[in-house]
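All remarks here apply to the structure that follows.
Scope of the values below: all heavy atoms of this structure, side chains included, with no hydrogens, waters or symmetry mates. When a residue number appears, it is its place in the shown sequence, counting from 1.
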Amino acid sequence: MGEEAFTDISGKAISLNCQSHSSFCREFTVSSSKVSIGKVLVYTCSVWLLAYTVFFFTENTAVLSSAILITLVGMMLHIHFVKVDHESLLVIGSLGIQVSSSYASGRETTSFIEMSKIKDIVINEAIYMHQIIYYLSVLLKDASDPNAVSSVVPLFQSSKPRMNCLVKVYKSCQEILSKC
């Protein structure tokens, strides 16, 4: 299957890596761009220039120290909690679906959904800001009524791939689910 280049809803480049481990097991990894050093420098310089301007008028060194501290803490929080390097979806036909997110700091979050709880995998549409976007989601069965949907679990929330990427993943997932 291999790796293909796509774009997200903002037009930024992302890549989709599809690995087929067997006829009942496939892994999809959507990777986004790394942290831009240029952006980091622009934000850092902006905050520090503002701090130096305030320092020039107030002559208070606490302003400079605060600016440095706020910048460093802000970057660490962004890298650890916000910036996702890649998201993966592992579909194992007889077992279930594993959803993972890897952050720029190395932190990973993983969740698993048993196949017995999965009703279907669908492409949903939503209104986001002033546009309609599409996203892949897992429909979970309601415990009391197997024909009803209890909840919806969105996939690839950070990378937000466009429809052409979602269709490729969707078709492959449906192929595995139909064999179960």
Side-chain angles (χ1 to χ4, degrees), residues 1-43 75 77-141 149 151-180:
M1 291 185 152
E3 190 168 315
E4 293 183 50
F6 292 97
T7 57
D8 66 5
I9 61 170
S10 303
K12 296 176 188 164
I14 58 173
S15 65
L16 173 66
N17 185 5
C18 304
Q19 291 182 326
S20 182
H21 300 290
S22 71
S23 61
F24 289 101
C25 180
R26 291 196 188 122
E27 184 174 9
F28 306 95
T29 304
V30 176
S31 302
S32 56
S33 60
K34 303 289 182 198
V35 176
S36 169
I37 297 298
K39 264 188 173 178
V40 170
L41 284 174
V42 167
Y43 289 132
M75 283 190 289
L77 289 173
H78 179 76
I79 288 172
H80 192 69
F81 292 110
V82 178
K83 180 60 177 138
V84 175
D85 272 347
H86 61 271
E87 297 175 286
S88 65
L89 172 68
L90 177 64
V91 182
I92 306 170
S94 58
L95 200 57
I97 294 175
Q98 177 179 301
V99 180
S100 302
S101 295
S102 297
Y103 293 82
S105 65
R107 182 175 75 100
E108 291 190 20
T109 59
T110 302
S111 61
F112 185 78
I113 305 168
E114 296 175 31
M115 194 56 78
S116 61
K117 295 181 180 179
I118 297 172
K119 182 171 177 64
D120 201 2
I121 296 177
V122 297
I123 296 177
N124 279 339
E125 63 183 15
I127 298 173
Y128 179 77
M129 300 298 247
H130 61 282
Q131 61 185 352
I132 296 175
I133 64 165
Y134 300 94
Y135 63 96
L136 196 64
S137 59
V138 179
L139 303 179
L140 301 180
K141 292 179 186 172
V149 175
S151 62
V152 176
V153 179
L155 306 172
F156 305 121
Q157 293 182 58
S158 295
S159 51
K160 294 182 179 77
R162 289 186 186 242
M163 181 66 112
N164 55 352
C165 181
L166 295 176
V167 167
K168 184 174 177 81
V169 176
Y170 169 78
K171 286 181 179 179
S172 193
C173 288
Q174 288 299 325
E175 185 180 316
I176 293 172
L177 291 176
S178 67
K179 294 177 183 177
C180 297

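Taking CE of Met75 as the start and OG of Ser105 as the end, the distance is 14.0 Å to the nearest 0.5 Å. One finds the NZ atom of Lys160 at 10.5 Å from the OG atom of Ser32 (value rounded to the nearest 0.5 Å). Between the CG atom in Leu139 and the NZ atom in Lys141 there is a gap of 11.5 Å [rounded to 0.5 Å]. Considering CG of Leu16 and CZ of Phe156, their distance stands at 7.0 Å, rounded to 0.5 Å. Rounding to the nearest 0.5 Å places CG of Leu140 at 11.0 Å from CD of Glu114. Once rounded to the nearest 0.5 Å, the distance linking CD1 of Ile133 with OG of Ser10 reads 9.5 Å.
With sequence neighbours excluded, the residues forming a salt bridge (charged side-chain N to carboxylate O under 4.0 Å, His left out) with Asp85 are Lys34, listed by chain and number. Take Tyr170 and apply the side chain to side chain contact (heavy atoms under 4.5 Å, CB included) test, not counting sequence neighbours, and it matches Ile123, Leu136, Gln174. Residues passing the side-chain hydrogen bond (donor to acceptor under 3.5 Å, both in side chains) test with Thr7, sequence neighbours excluded: Arg162. Listed by chain and number, the residues in a side-chain hydrogen bond (donor to acceptor under 3.5 Å, both in side chains) with Thr29 amount to none (sequence neighbours excluded). His21 pairs by the side chain to side chain contact (heavy atoms under 4.5 Å, CB included) definition with Gln19, Cys25, Glu27, Leu90, not counting sequence neighbours. Scanning for side-chain hydrogen bond (donor to acceptor under 3.5 Å, both in side chains) contacts around Thr109 gives an empty result, with sequence neighbours left out. Under the side chain to side chain contact (heavy atoms under 4.5 Å, CB included) criterion, Asn124 pairs with Val122, Tyr135, Ser137, Val152, sequence neighbours left out. Applying the side chain to side chain contact (heavy atoms under 4.5 Å, CB included) rule to Ser15 yields the partners Glu3, Ser31; only residues at least two apart in sequence or on another chain are considered. Taking Arg107 as the reference, nothing meets the side-chain hydrogen bond (donor to acceptor under 3.5 Å, both in side chains) condition, with sequence neighbours excluded.
With a 4.5 Å cut-off on side-chain heavy atoms, Leu155 and Phe28 do not count as touching. Leu89 places a side-chain heavy atom less than 4.5 Å from the side chain of Cys173. Inter-residue side-chain proximity for Ser159 and Asp8 is flagged as unmet; no heavy-atom pair is nearer than 4.5 Å.
Among pairs with a residue in residues 169-180, those fulfilling salt bridge (charged side-chain N to carboxylate O under 4.0 Å, His left out) read Arg26-Glu175, at least two apart in sequence or across chains.
Enclosure of atom NZ in Lys83 by more than 12 non-hydrogen atoms of other residues, nucleotides or ligands within 6.0 angstrom is indicated. The environment of CZ in Phe81 is crowded: more than 12 heavy-atom neighbours from other residues, nucleotides or ligands sit within 6.0 Å. Enclosure of atom OH in Tyr128 is not indicated, since only 12 or fewer non-hydrogen atoms of other residues, nucleotides or ligands lie within 6.0 angstrom. Other residues, nucleotides and ligands contribute over 12 non-hydrogen atoms within 6.0 Å of the CG atom of Leu41.
In terms of heavy-atom proximity, Ser23 sits nearest to Ile176 at O-CG1, 4.1 Å.
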Using residues 91-103 as the side-chain source, report each donor-acceptor pair under 3.5 Å to any protein atom, sequence neighbours left out, with the distance given to one decimal.
from: Gln98; atom 1: NE2; to: Ser100; atom 2: OG; distance (Å): 3.4
from: Ser100; atom 1: OG; to: Thr110; atom 2: OG1; distance (Å): 3.4
from: Ser102; atom 1: OG; to: His86; atom 2: NE2; distance (Å): 3.3

